[in-house]
Amino acid sequence: MIRFLGRVGVALALPAVLLVTWWFASAGSTSFYQPPLERIIEVFPDTWTAERLQSDVLPSVLRLLTGYGIAVFTGILLGVLIGANPRLRALLEPTLEFLRAIPPPVLVPILVLIAGLGNPTKVLVIVVGGVWPVLLNTVEGVRGVDEVLADTCRSYRIGGWLRMRTFVLRAASPQIIVGARQALSISIIMMVIGELLGATNGLGYTVVEFQRGFQIPEMWSGVFVLGLLGVLLSLAFTLVERRVLNWYHGARAAERSGH
Amino acid sequence: AGCGGSEESPGNTGGSGSTTDKVKVGVIPIVDVAPIYLGKEQGFFAKRNIELTMEQAQGGAAIVPAVVSGQYQFGFSNVVSLMLAQSKNVPIKAVANGNNATGDPKKDFGMLVVKDPAIKTAKDLEGKTVATNTLKNIVDTSVKQIVRQAGGDPAKVKFVEVPFPDMAAALDANRVQAMFVVEPFLASALAKGWTTIGAFADVDPGLCISAYFTSTQLIQTKGDLVTRFTEAMKESLAYADANPDRVRQAVTTYTTIKTDAAAKMTLPKFSADVNTASVEKLNGLIVTEGLLTAPADLSKLLP
Amino acid sequence: MLEIRSLRKTYGGHGREVEALRDITMTVEAGQFVCIVGPSGCGKTTLLRCLGGLLNPTSGEVRVGGKPVNGPPDGLAIVFQDYGRSLFPWLRVAENIELPLKSKGIGRSERRRIVTESLSAVGLGDVGKAYPWQLSGGMQQRVAIARAIAFQPRVMLMDEPFAAVDAQTRADLEDLVRRVWKQFGMTMLFVTHDIDESVYLGERVTVLSASPTKVLENLDIDLPADRDQLKTRSDPRFVELRSHVYAQIQEAKKATGRKP
Amino acid sequence: MLEIRSLRKTYGGHGREVEALRDITMTVEAGQFVCIVGPSGCGKTTLLRCLGGLLNPTSGEVRVGGKPVNGPPDGLAIVFQDYGRSLFPWLRVAENIELPLKSKGIGRSERRRIVTESLSAVGLGDVGKAYPWQLSGGMQQRVAIARAIAFQPRVMLMDEPFAAVDAQTRADLEDLVRRVWKQFGMTMLFVTHDIDESVYLGERVTVLSASPTKVLENLDIDLPADRDQLKTRSDPRFVELRSHVYAQIQEAKKATGRKP
Amino acid sequence: MTVASTPLRRAGYAPALLGLVGLLLFGLLLEVLPRLGVLPAEYFPPTSEIARALVAEFDRPGFWQALTGTVSTWLIGLTIAVVAGIVLGVVIGSVPVLRAVTASTIEFLRPIPSVALLPLAIVLFSVPMRSILLLVIYASFWPVLIQVLHGVADVDPVARETAASYRLGRWMKARYLVWPTTLPYAMTGIRLSASVALVLTVTGELLIGGTKGIGVEINVAQSSIAVPSMYALIVVSGLIGLAANLLTRRAERIVLAWHPSVRRELPL
Ligand SMILES: Nc1ncnc2c1ncn2[C@@H]1O[C@H](COP(=O)(O)OP(=O)(O)OP(=O)(O)O)[C@@H](O)[C@H]1O
Ligand SMILES: Nc1ncnc2c1ncn2[C@@H]1O[C@H](COP(=O)(O)OP(=O)(O)OP(=O)(O)O)[C@@H](O)[C@H]1O
Ligand SMILES: Cc1ncc(C[n+]2csc(CCO)c2C)c(N)n1
Ligand SMILES: [Mg+2]
Ligand SMILES: [Mg+2]
């Protein structure tokens with residue numbers, strides 16, 4: 001319990017310092033786009049009411065989780081195929097690198113052509129943004145698997161899906177996890193970008209709406225919500241990671257327990 | 001915070017003088033801003049010691065803060081955005097008219113277009129989805145008024161945001177059933193045989209669409225420059241209004257619209273002065289639509 | 001069972017060209033137990049990897065069970081010299097041993113039985129639930145051995161499998177390997193640095209020269225098939241043979257496969 | 001030089017609690033050469049890591065040069081059992097050996113000299129430019145030894161440093177280690193599984209029991225200081241001592257540190 | 001025997017060729033789909049038309065100015081982000097206390113989209129280019145940082161103990177142990193950041209304007225219904241990303257020559 005409280009304390013220390021600094025630095029600010037922190041906190045409860053959480057935040061989070069899930073799945077699937085197959089990698093990498101450098105905002109209209117103005121497009125936008133870090137990290141993770149383990153698999157004729165499941169995916173999992181972590185925050189960003197087009201509700205839509213309506217304290221409060229969403233999801237992510245990479249952290253932490 | 005655009009854009013410091021003021025204006029690459037390009041070309045600014053540079057941005061979202069911060073000395077924006085800004089005490093003020101509806105609801109530069117011939121009037125849009133470039137803006141405010149005037153209930157119309165360039169595709173694919181577009185997208189849509197069921201002019205024949213604005217800070221520190229800019233703009237607007245062919249030609253210089261396409265566009269009206277009555281009407285509408293709880297203080301906003 | 005003809009392997013790249021094997025020709029009959037000794041770096045591991053289908057020879061031919069090797073042959077298992085890296089760190093010890101059995105299609109309860117059996121055979125009955133990185137070096141090595149034994153291959157290639165265990169455990173494992181070899185009629189190729197061990201275990205000891213590597217000698221071990229740690233090792237013939245091999249090894253370190 | 005008092009180490013976590021060391025008390029005088037033998041998994045590596053300041057004891061005290069150990073002590077080098085992983089794969093062999101010297105502040109030309117010298121001392125004069133992963137297991141192990149020797153530590157801890165080399169090379173390395181130890185007046189703690197080796201090398205052999213681990217015996221090796229592979233090993237006293245240790249090891253595997 | 005398929009040396013020329021084939025196939029697909037009417041050609045022109053528009057762009061001096069502008073903003077922003085990400089990543093990753101203290105803040109800041117920061121970025125600077133740079137750096141900093149943080153944590157325990165036992169100093173440890181371990185992760189981070197930076201450069205130019213850049217040109221093309229030109233400009237952005245990847249891959253062959261993924265003689 002004490003250790004838990006300690007961890008919470010450590011996690012909150014820097015944000016607290018930053019908030020206090022911000023509070024005093026912005027107090028009495030007259031700059032229109034940098035309102036005093038006090039104002040932002042003031043508008044927060046009125047802005048993010050239960051009703052708004054339900055009408056704007058919830059649909060966004062649902063889209064986010066769907067898109068993120070598809071992005072991670074696709075990234076791993078493609079990544080394993082490409083990482084394990086040098087020819088396929090040579091064939092596809094330039095095209096994928098080309099696509100990766102295309103700004104999502106200009107990609108959105110193309111997606112609309114294909115998937116319309118509704119939720120599918122918004123989910124697709126998240127996938128299009130979030131898939132890259134998972135893909136790249138999976139490819140590199142699979143490419144870098146230990147040679148002796150690879151030989152062990154071949155020698156013991158461990159192949160097919162069993163090999164994928166028990167060797168390739170596990171060996172690459174530390175790097176896949178990094179990619180998935182990257183994708184998490186990018187997905188939140190893409191959720192906002194996706195809601196810029198054809199949107200009628202959503203967290204990102206609301207934030208941009210406040211910005212257009214020159215409701216700057218409200219906009220900042222929305223930025224807070226995005227950040228908090230990031231922290232929350234990252235926390236959940238850490239729990240999953242602990243389970244998945246139990247062996248990895250174990251193998252590294254045990255030896256360090258010395259000093 | 002950068003303020004007043006001091007170090008990077010050296011302007012002159014005194015009042016009216018012999019030195020030239022370097023001025024950057026944030027604009028959108030559309031037909032609406034043709035007068036300022038024409039004015040520059042005609043020397044209306046140079047003769048008032050203003051060296052003009054136009055900077056093209058995608059929309060007001062960036063232009064307003066850029067003017068407030070002094071990145072740009074002047075900016076171009078639709079009036080509804082300006083009214084919203086004013087009501088939130090953004091330190092800006094309109095200094096010149098931008099453009100207006102043509103006065104002819106059948107032939108305007110911004111119109112409500114449908115593909116489905118079954119949709120005859122704006123009232124038929126009930127239950128349908130309409131594309132507007134921005135929600136809570138002059139476009140959707142106008143569309144709602146058009147629907148209301150046609151006897152429909154705007155609350156029954158669904159609006160979605162689609163940038164002008166992407167609207168035609170959305171309508172073509174029936175993702176939306178109507179769209180409000182401005183030139184050159186309007187001409188392109190009409191060329192497909194699509195029909196119009198409303199226009200800016202339906203809201204007010206001389207509806208003020210947009211305006212040039214500056215920061216209140218610039219007005220205080222360089223009131224003289226602002227005055228000269230306003231005069232030059234007025235001269236430019238008058239010139240543009242009187243020379244539609246020159247406008248069509250100018251458009252092809254700052255966009256890549258081809259000459260023949262420019263010839264088919266319906267031009268807006270360029271009044272030298274802000275149509276205050278139409279702005280007041282809009283002011284009422286935005287309260288009706290719930291964009292604002294109280295009307296904006298136009299005396300503070302308008303020149 | 002194993003036929004190696006004029007095998008040559010040259011490693012290249014990264015600014016270093018090494019002829020690991022110059023010209024190896026040898027045959028191992030089905031069911032034979034052959035020990036390989038040779039100086040460090042002479043290419044024993046390379047030879048095993050060629051036999052296991054993990055490495056392309058530069059030239060020459062390798063056959064296992066009459067078929068030319070291209071890819072790991074069926075029913076062949078390797079205990080890698082790099083035992084630590086050959087265990088899957090994300091699988092517990094029991095799962096590590098179970099995995100090849102799974103791919104072999106053996107049923108769950110049978111797998112469990114084999115795993116338990118082979119673990120206790122190497123003296124690790126109680127670590128099935130541990131992760132490999134929780135074990136000492138010698139324990140890890142024994143897990144790798146247990147995995148190979150559990151796999152019950154027709155051909156077993158072992159690369160210094162007892163390097164990390166103590167003398168007593170080593171003796172026990174030696175007897176275990178002999179027992180298993182006999183029981184399943186395996187063909188065994190066993191790389192070791194311990195000369196006594198090579199003589200004690202093998203029916204034949206093959207001595208390799210230093211690089212560039214050739215076969216220096218094929219020595220038949222004419223000791224009785226039933227070996228016993230005390231009796232065999234004190235057999236005068238054993239002492240004779242091991243002295244012979246020892247002399248050969250000393251030769252080998254100087255001698256290379258270079259033609260005079 | 002090395003003082004270990006009532007050292008106890010328990011590993012925990014991941015569903016497994018192991019008492020690797022129960023109660024170890026021993027002292028190594030400055031300049032002494034002590035060999036440690038003990039069954040696989042009895043905690044030899046654990047002991048070395050506690051001495052090297054890489055692991056916190058659960059209880060008890062460890063002192064090096066009179067100072068309690070918290071963090072790796074100055075002038076102490078370890079040759080790790082897991083030699084493969086202790087070489088940096090991104091550095092060439094020579095660079096691997098050079099690195100500790102660099103951080104010691106030795107000048108470039110001096111470094112070069114030491115590197116060349118120590119590499120040829122372990123019989124690897126020509127692989128300085130290779131990467132570790134281009135070497136055979138035994139070669140890698142010798143690089144790790146060369147690195148430790150080049151470092152010229154006051155205290156050297158070696159964890160089965162010759163496990164992967166052939167008999168002849170092993171003999172050469174044994175003599176090398178004795179020579180270096182004498183030359184620099186090092187304090188040496190040497191873990192081995194080879195009983196002959198422990199007797200041949202050490203001034204004292206410490207036998208550890210199986211887990212839960214205690215010191216089973218401290219055996220002084222009263223052989224002449226000048227050792228010779230042929231002469232010493234055929235010395236009747238040598239044979240006597242090694243038989244004694246062998247018997248102890250067999251004991252050790254059964255015996256544990258458990259009090260009766 | 002075909003156990004080990006092509007050794008790297010032989011594969012030397014083939015990947016480039018295969019990659020070209022991949023691009024051509026992709027181009028062909030986008031040529032055919034609009035022509036068959038699967039995609040509306042009016043809004044999504046076939047490849048040949050885009051290519052023609054691209055060639056036409058080459059003749060425009062404005063295009064080259066825009067390209068130079070975009071590339072320089074991108075490179076400046078990327079360099080700053082990468083250097084900052086690597087330095088901070090190594091420092092934070094190496095000091096457990098720092099890592100624990102900063103974790104929540106990093107997770108809070110990472111998902112804040114650039115669009116939300118747009119007004120702030122604009123009012124902080126008096127030159128548009130700097131506002132764009134700020135957005136670029138903000139967005140492309142995080143991928144490098146996160147990759148490096150994980151890379152630093154990946155140091156092999158035996159290697160770490162070796163370094164500790166030989167008493168390598170802080171700097172030596174960072175340079176010879178932590179950095180080489182991190183490098184493969186950092187490389188992926190750089191590749192991720194390169195595209196994020198490019199994307200934000202173009203988007204920033206599009207939204208803010210005030211500089212010479214591909215984004216500004218895209219804006220003009222869009223409002224002029226110059227659909228093929230717009231796609232041509234987007235293709236340019238993709239090509240820049242392609243070039244960036246080519247360079248990082250080349251660099252990787254050199255600096256990661258020792259890494260299993262590069263050194264491996266046997267492809268998986
Ligand atoms: N992957 C590789 N790349 C380049 N050279 C290699 C590679 N693997 C081995 N070699 C070289 O090939 C030679 C033989 O190596 P190998 O591992 O087969 O020897 P070994 O007989 O198993 O030695 P040890 O008894 O020390 O394990 C050595 O000179 C080694 O440096
Ligand atoms: N990191 C670890 N986590 C958990 N348990 C460990 C860890 N390292 C070692 N152990 C356990 O501690 C005990 C002693 O291990 P240690 O490596 O010290 O043995 P050792 O004497 O060096 O054996 P060997 O001769 O086989 O190398 C073993 O039971 C082992 O399982
Ligand atoms: C702060 C910030 N980070 C990332 C993006 C979006 N983004 C840029 S490139 C890319 C991946 C490739 O398409 C993504 C998701 C953004 N807009 N703002
Ligand atoms: Mg070997
Ligand atoms: Mg050990």
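First the proteins, then the strands, lettered A, B, ... as listed; each starts at 1. As the structure is a computational prediction, the values presented were derived from the model and not from experiment.
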Student: B/Asp166 and E/Tyr43: side chain to side chain donor-acceptor pair (under 3.5 Å), yes or no, with the steps?
Tutor: CA-CA 8 Å; B/Asp166 304 319; E/Tyr43 312 112; over 6 Å; no

Student: Less than 4.5 Å to any heavy atom of chain B: does that hold for the side chain of E/Ser229, its backbone, both, or neither?
Tutor: neither

Student: Does this structure show an ion pair linking B/Lys192 with E/Glu42, if we count only N-O contacts that are shorter than 4.0 Å?
Tutor: yes

Student: Using non-hydrogen atoms only, which part of E/Pro40 is less than 4.5 Å away from chain B: side chain, backbone, both, or neither?
Tutor: neither

Student: List the atom of B/Thr255, the atom of E/Ser224, and the distance in Å for their closest heavy-atom pair.
Tutor: CB-OG, 3.1 Å

Student: Most heavy-atom pairs under 4.5 angstrom with chain B, which of E/Gly209, E/Ala226, E/Ser223, E/Gly215?
Tutor: E/Ser223

Student: Within the distance-only criterion (no hydrogens, no angle test), does the side chain of E/Ser126 pair as donor or acceptor with the backbone N or O of B/Gln71 below 3.5 angstrom?
Tutor: no

Student: Measuring from atom CD1 of E/Ile122 to atom OG of B/Ser69, what distance do you get when rounded to the nearest 0.5 angstrom?
Tutor: 7.0 Å

Student: Please determine whether the number of non-hydrogen atoms from other residues, nucleotides or ligands lying under 6.0 Å from atom NZ of E/Lys212 exceeds 12.
Tutor: no

Student: Counting only heavy atoms not in B/Lys115 (residues, nucleotides, ligands), do more than 12 fall under 6.0 Å from its NZ?
Tutor: yes

Student: Could you look at B/Ala168 and say if it's the side chain, the backbone, both or neither that has a heavy atom under 4.5 Å from chain E?
Tutor: both

Student: Among B/Gln58, B/Glu55, B/Glu183, which residue has the highest count of heavy-atom pairs closer than 4.5 Å to chain E?
Tutor: B/Gln58

Student: Looking only at heavy atoms, what is the nearest atom pair of E/Leu207 and B/Ala62, with distance?
Tutor: O-CB, 3.2 Å

Student: Side chain from CB out, backbone as N, CA, C, O: work out which of these in B/Phe164 comes under 4.5 Å of a heavy atom of chain E, or both, or neither.
Tutor: neither

Student: So how far is it from B/Thr256 OG1 to E/Arg60 CZ, rounded to the nearest 0.5 Å?
Tutor: 7.5 Å

Student: What distance separates E/Ile208 CD1 from B/Gln56 CD, expressed to the nearest 0.5 Å?
Tutor: 15.0 Å

Student: Is chain E contacted by the side chain of B/Tyr254, its backbone, both, or neither, given a heavy-atom distance below 4.5 Å?
Tutor: backbone

Student: Let's test your reading of the structure: which of B/Ile63, B/Asp172, B/Val251 forms the most heavy-atom pairs below 4.5 Å with chain E?
Tutor: B/Asp172

